[in-house]
**Q** 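Provided herewith is a single structure, encoded as structure tokens, for subsequent inquiry.
For this chain, numbers begin at 1 and follow the sequence in order. In this text the structure is predicted, and so the values were computed from the model without any measurement.
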Amino acid sequence: TVFEDCKLKLPEFGEVNISLSVRNVKEITLKSGAHRHRIGLQFTELSKVDERVIQRYVFNLEREALAIAKGD
């Protein structure tokens with residue numbers, strides 16, 4: 001399944017227009033016994049500008065996580 005004309009909101013980075021393709025769906029069971037679905041998505045038809053915004057956003061998240069792990 002493909003979802004076209006989606007908007008991905010990235011806090012402090014704005015919004016990017018993307019299309020998403022469902023790559024896989026897996027049912028998982030939580031420790032509580034509840035069932036959930038894990039869905040893997042792939043960005044499709046991503047512009048170079050939007051790709052760079054997403055990369056900067058992920059890099060920023062990773063940098064923040066490292067700072068927290070180090071106690072900064």
**Q** Side-chain contact test, heavy atoms from C-beta onward, threshold under 4.5 Å: evaluate it for Glu62 versus Val58 and give yes or no.
**A**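 Yes, their side chains come closer than 4.5 Å.
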**Q** Can you get from Phe3 to Val25 by hopping between Ile, Leu, Val, Met, Phe, Trp and Tyr side chains that sit under 4.5 Å apart?
**A**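 In one cluster with Phe3: Val25, yes.
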**Q** What verdict does the side chain to side chain contact (heavy atoms under 4.5 Å, CB included) test give for Val16 and Tyr57, after you've listed the backbone C-alpha separation in whole Å, the side-chain angles of each residue and the deciding distance to 0.1 Å?
**A** CA-CA 11 Å; Val16 294; Tyr57 178 74; over 6 Å; no
**Q** Could you check Val49 against Arg52 for side chain to side chain contact (heavy atoms under 4.5 Å, CB included), going step by step and ending with a plain yes or no?
**A** CA-CA 5 Å; Val49 171; Arg52 284 192 293 274; 3.7 Å; yes
**Q** Test of understanding: clusters of I, L, V, M, F, W, Y form through side-chain heavy atoms closer than 4.5 Å, transitively. Do Val22 and Val2 belong to the same one?
**A**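 No, no single cluster joins them.
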**Q** If you measure from CD on Glu27 to NE2 on His35, what distance do you get to the nearest 0.5 Å?
**A**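 Spacing of CD (Glu27) from NE2 (His35) equals 5.5 Å.
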**Q** Can you tell if the side chain of Arg36 reaches within under 4.5 Å of the side chain of Leu30, non-hydrogen atoms only?
**A**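 Contact flag for Arg36/Leu30 side chains = yes.
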**Q** Where do Ser19 and Asp5 come nearest, in terms of heavy atoms and distance?
**A**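 In this case the closest contact between Ser19 and Asp5 is OG-N, 3.8 Å.
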**Q** Could you tell me the separation between the SG atom of Cys6 and the CD1 atom of Ile18, rounded to the nearest 0.5 Å?
**A**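 So the SG of Cys6 and the CD1 of Ile18 are separated by 5.5 Å.
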**Q** What's the spacing between Glu15 CD and Asp50 CG if we round to 0.5 Å?
**A**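 Taking CD in Glu15 and CG in Asp50, the distance rounds to 10.0 Å.
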**Q** When rounded to the nearest 0.5 angstrom, what distance separates CG in Leu20 from CD in Glu45?
**A**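 Spacing of CG (Leu20) from CD (Glu45) equals 10.5 Å.
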**Q** Just how far is it from atom CD of Gln55 to atom NZ of Lys48, taken to the nearest 0.5 Å?
**A**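 Reported to 0.5 Å precision, the distance equals 8.5 Å.
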**Q** Would you call Leu46 and Ile54 a side-chain contact if the rule is heavy atoms closer than 4.5 Å?
**A**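 In short, these two side chains touch, coming nearer than 4.5 Å.
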**Q** Do Asn17 and Lys7 come within less than 4.5 Å of each other through their side chains, counting heavy atoms only?
**A**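 Contact flag for Asn17/Lys7 side chains = yes.
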